[in-house]
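Notes for the one structure printed next.
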Amino acid sequence: MKNILKYGLLGLGVIATTSCIDTLDTKPKVIFDAEQVWGSKATVEGFVYSAYNDIIWNGYAGSGSCISWESRTPNSALCTQLGDLGSTFDNITLENIGASDDFGVDRFKDLRRANMIIENVENSSTLTEDAKKQLKAHGHMLRGMIFFQQARLMGRFVPVTQVFETSDSLTCLIPLTASVEESYKYVISDLKYAADNMEDNQPYGVPTKWAAKVILSRAALQAYAYTNNTEYLDIALNAAKEVVDNKGNLLTTSDGMFNETDMYNPEILWAYYREDQNTQFVSFYETMRTFPNVKPADVGNSPYATLMKDANGITFEAWGVFQPTQDLVDNFLVNDAATGEAKPWYETSQWLDNVDNHDPATIPSSLYGTDSIVNPIDEFYWMSKEDREAGKKGSVRRMPTPTDFKNTNTNYPTFKHYATLKEGATKNISQLMYENRDKRFYTAVVYDGCKWFNEDIELFHGGNVYRGFREKEDGGWYNTTTNYYWRKSTIESFPRAYHTLNMAIHFNLARVGEAYLNLAEAYLLKGQIANAVEALNATRTTHGGIAPSMATTEEEAWKDYIRERNCELTNEGGDLYWSYLRWGKYGGYANPDKDGNPTNAGGIIHALNRPVHMVQIDHERKTVLVNQLTLNRAAERKFTDRRYLLPVDRDFLNTRATYGIQDNYTQEW
């Protein structure tokens, strides 16, 4: 008997054939005796590992899988004046999406490999029954992950669950799933089989039953949100609880789980690992598009900046366009110096004792005229040292800038915070804002006054990597526009950020921390507030190092839970984007309106429909402004209910129609 594999294994060649053209893929093929692959557990595992590599890359840990989706949440911005990666406005609103955009409806080559594992393992005459169960579980895991990615993107997909041969043209006419409800039946069935039958332990980079249960709980929550089927809520709760009960003690205080310094921490149940021999800095948006580009001459143009050490060549030579926002930073609470309570930075005793808070609404009238700055808080001329010494004037750098007052979202205040240091204060503004934070702040965000790549980082007005150090005062020239940079899901201990740098990097796919939060969400949906708060406090206190939540009401618990998920899973696999969609489907306090009131299920998601914010700290670190990020219309974020599901590619549907496939799909885009 002969079997057909999509990809060659162990150096075998590829023979291309065609059938079911453009509808279901049965090519390319490799023809060889079944015993070469399916006859031993070791060779089947080799085929499985290769399949995981490609499927993980497509939707879970490929370049941009973290940062691109995060930029569509309040946590991050994609903002550039160089036209990179499309316009900010289009990328944050998905306004430019059309009916012919392809979000991965054609995954037939990947599905073929998953189905081959399931079918050929089952038909093997040499594998033991235990080996068959475990290996088939990986086939179901692969297929379930493909279906899950398609379901959460588009809602519907072609449910290919068999291996087609070249003679199967007439049986390839499988329609799209009839509904989102049908789609999630396939997703949960596959992931549940994987979670029930996978091994307890595996080499790094290969999922275990515990990783499968985390992803099952994640998918089941999404399924419940989009179907209202309470069976999925029970599946989510039970899967997450089983991980917590068996692996909950692995929660760690490590600060290196998200970079290369602690890649194999036991809390990581499954990760996508790339070794430095075959990975360069330029390979991932998460590195190349998050670090700035800092030339010595640029830094030297500021009279207040400390020059970079540049000990190994220019330290930062990247093309940064993604930055964290003040909105994310506000989620990381601060331990109050007087009471020990966890509070927002602007409510702590150390803040209130040392600064004067001013009405932000006074800024436009007191500082600006009709078209130009009358009396900016901070201003200097940005030019070379030689020109300064010659008494020349150069490009002005102001705080705030005229752009801060243009293209604002008029439904919200332009400025959220305006504060100045009191006389006699023993700490500066940056210290008061950033000290004693939730520990995850320091692993997620690069901020004013920290160390980064062994450089002293200055993000105050005039500092060495602040938004105005290159080209224009508003940033967006391969540097920050929010006065923060990303640290999480990047690298940490390398000599420099340069495109040809070889690097080891990993992306977490399933962690114990997520299991606790999925459990908390399931408890919230069941109305078990005390259990939910207990679960979210596990990560809040262990990972965050802050006082536990004392929430007792549904409103308080949802508020603390949403904050906690943002702190725990920011810039990690795009989790927060899918979570906000899920919370919008729930409605109620899971998706509060701008005033904090509960909303109807499936309505506008306020968090995705409001401006995000940046910070400005003057060069003496005595004044701080927090205001809307307005550059490139970035404040005009919009959410419509069409974004709950993205379109199925119309060209794909039209091609299928020519083969007589009846998909019964109404195009809404």
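We use all heavy atoms of the structure for the numbers below, so side chains are in, but hydrogens, waters and symmetry mates are not. Everything quoted here is computed from the prediction, not taken from an experiment.
Ring orientation note: the planes of Y186 and F147 are nearly perpendicular, at an angle over 60° on the 30°/60° scale.
For E286 against C66, the heavy-atom pair with the smallest separation is OE2-N, 3.0 Å. Nearest heavy atoms, R563 versus D330: NH1-O, 3.2 Å. Of all the heavy atoms in T88 and C79, the pair that sits closest is OG1-CA, 3.2 Å. S183 and G155 get closest at one heavy-atom pair: OG-O, 2.6 Å. The two atoms that bring L269 and R511 nearest to each other are CD1-C, 4.1 Å, heavy atoms only. Closest non-hydrogen pair, P324 versus T482, comes out as O-OG1, 2.6 Å.
Ion pairing between K247 and E267 fails under the 4.0 Å rule for side-chain N and carboxylate O. With salt bridges taken as basic N to acidic carboxylate O contacts below 4.0 Å, one links E572 and K488. Residues K213 and E242 are paired through a salt bridge, judged by an N-O separation under 4.0 Å between the basic side chain and the carboxylate. With respect to R540 and E568, no salt bridge is recorded, no charged nitrogen being found less than 4.0 Å from a carboxylate O. In summary, D327 and R610 engage in a salt bridge, as defined by a charged side-chain N under 4.0 Å from a carboxylate O.
With sequence neighbours left out, F639 forms a ring pair (Phe, Tyr, Trp, His ring centres under 6.0 Å) with Y644. For F332, the ring pair (Phe, Tyr, Trp, His ring centres under 6.0 Å) partners two or more places apart in sequence, or in a different chain, are F441. By the side chain to side chain donor-acceptor pair (under 3.5 Å) test, R156 is found to be paired with no residue, residues two or more places apart in sequence or in another chain being considered. D255 is linked by a side-chain contact (heavy atoms from CB on, under 4.5 Å) to T443, counting only residues two or more places apart in sequence or in another chain. With sequence neighbours excluded, no residue forms a ring pair (Phe, Tyr, Trp, His ring centres under 6.0 Å) with Y272.
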W345 vs H417, ring pair (Phe, Tyr, Trp, His ring centres under 6.0 Å): CA-CA, chis, key distance, verdict: CA-CA 11 Å; W345 57 273; H417 298 287; 5.1 Å; yes
Test side-chain hydrogen bond (donor to acceptor under 3.5 Å, both in side chains) applied to D262 and S254, step by step: CA-CA 8 Å; D262 195 6; S254 168; 2.6 Å; yes
Apply side-chain hydrogen bond (donor to acceptor under 3.5 Å, both in side chains) to Y580 and N566, showing your working. CA-CA 10 Å; Y580 276 112; N566 274 280; 3.1 Å; yes
Between F405 and F415, does the ring pair (Phe, Tyr, Trp, His ring centres under 6.0 Å) criterion hold? Intermediate values first, please. CA-CA 9 Å; F405 296 88; F415 289 84; 5.4 Å; yes
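If you check the side chains of T481 and Q323, you find a donor sitting under 3.5 Å from an acceptor. Side-chain contact, E341 with T339: a donor N or O sits under 3.5 Å from an acceptor N or O. Looking only at atom types and distance, the side chain of W69 has no donor-acceptor partner in the side chain of D575 under 3.5 Å away. A donor-acceptor contact closer than 3.5 angstrom links the side chains of Y586 and E521. With 3.5 Å as the limit, one finds no donor-acceptor pair spanning the side chains of R565 and N331. For R643 and T640, the side-chain atoms include no donor-acceptor pair closer than 3.5 Å. Side chains of Q616 and N627: a donor on one and an acceptor on the other come within 3.5 Å. Under 3.5 Å, the side chains of D336 and T348 contain no donor-acceptor pair of N or O atoms. If you check the side chains of E514 and N508, you find no donor sitting under 3.5 Å from an acceptor. For the residue pair E70 and N571, no side-chain donor N or O sits within less than 3.5 Å of a side-chain acceptor on the partner.
A cation-pi arrangement is present between R152 and F148 under the rule of less than 6.0 angstrom and at most 45 degrees off the ring axis. The cationic group of K559 does not satisfy the cation-pi geometry with Y589, failing either the under 6.0 Å distance to the six-membered ring centre or the 45° limit from the ring axis.
Other residues, nucleotides and ligands contribute over 12 non-hydrogen atoms within 6.0 Å of the NZ atom of K439. Other residues, nucleotides and ligands contribute more than 12 heavy atoms inside 6.0 Å of the CD atom of E435. Atom NZ of K192 has 12 or fewer neighbouring heavy atoms from other residues, nucleotides or ligands inside a 6.0 Å radius. For K594, the NZ atom counts as densely surrounded, since its 6.0 Å shell holds more than 12 non-hydrogen atoms of other residues, nucleotides or ligands. Residue-environment remark: NZ (K416) exceeds the threshold of 12 foreign heavy atoms within 6.0 Å. In the displayed structure, N600 atom CG is contacted under 6.0 Å by at most 12 heavy atoms of other residues, nucleotides or ligands.
Counting only distance, with no hydrogens or angles, the side chain of Y485 and the backbone of T480 share a donor-acceptor pair below 3.5 Å.
H606 and W583 have their aromatic ring centers separated by at least 6.0 angstrom. Centroid-to-centroid, the aromatic rings of Y484 and Y447 stay 6.0 Å apart or farther.
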Hey, can you pull the donor-acceptor pairs under 3.5 Å for the side chains in residues 232-241, sequence neighbours left out?
unit_1, atom_1, unit_2, atom_2, d
D234, OD1, K526, NZ, 2.7
N238, ND2, D234, O, 3.1
K241, NZ, D245, OD2, 2.9

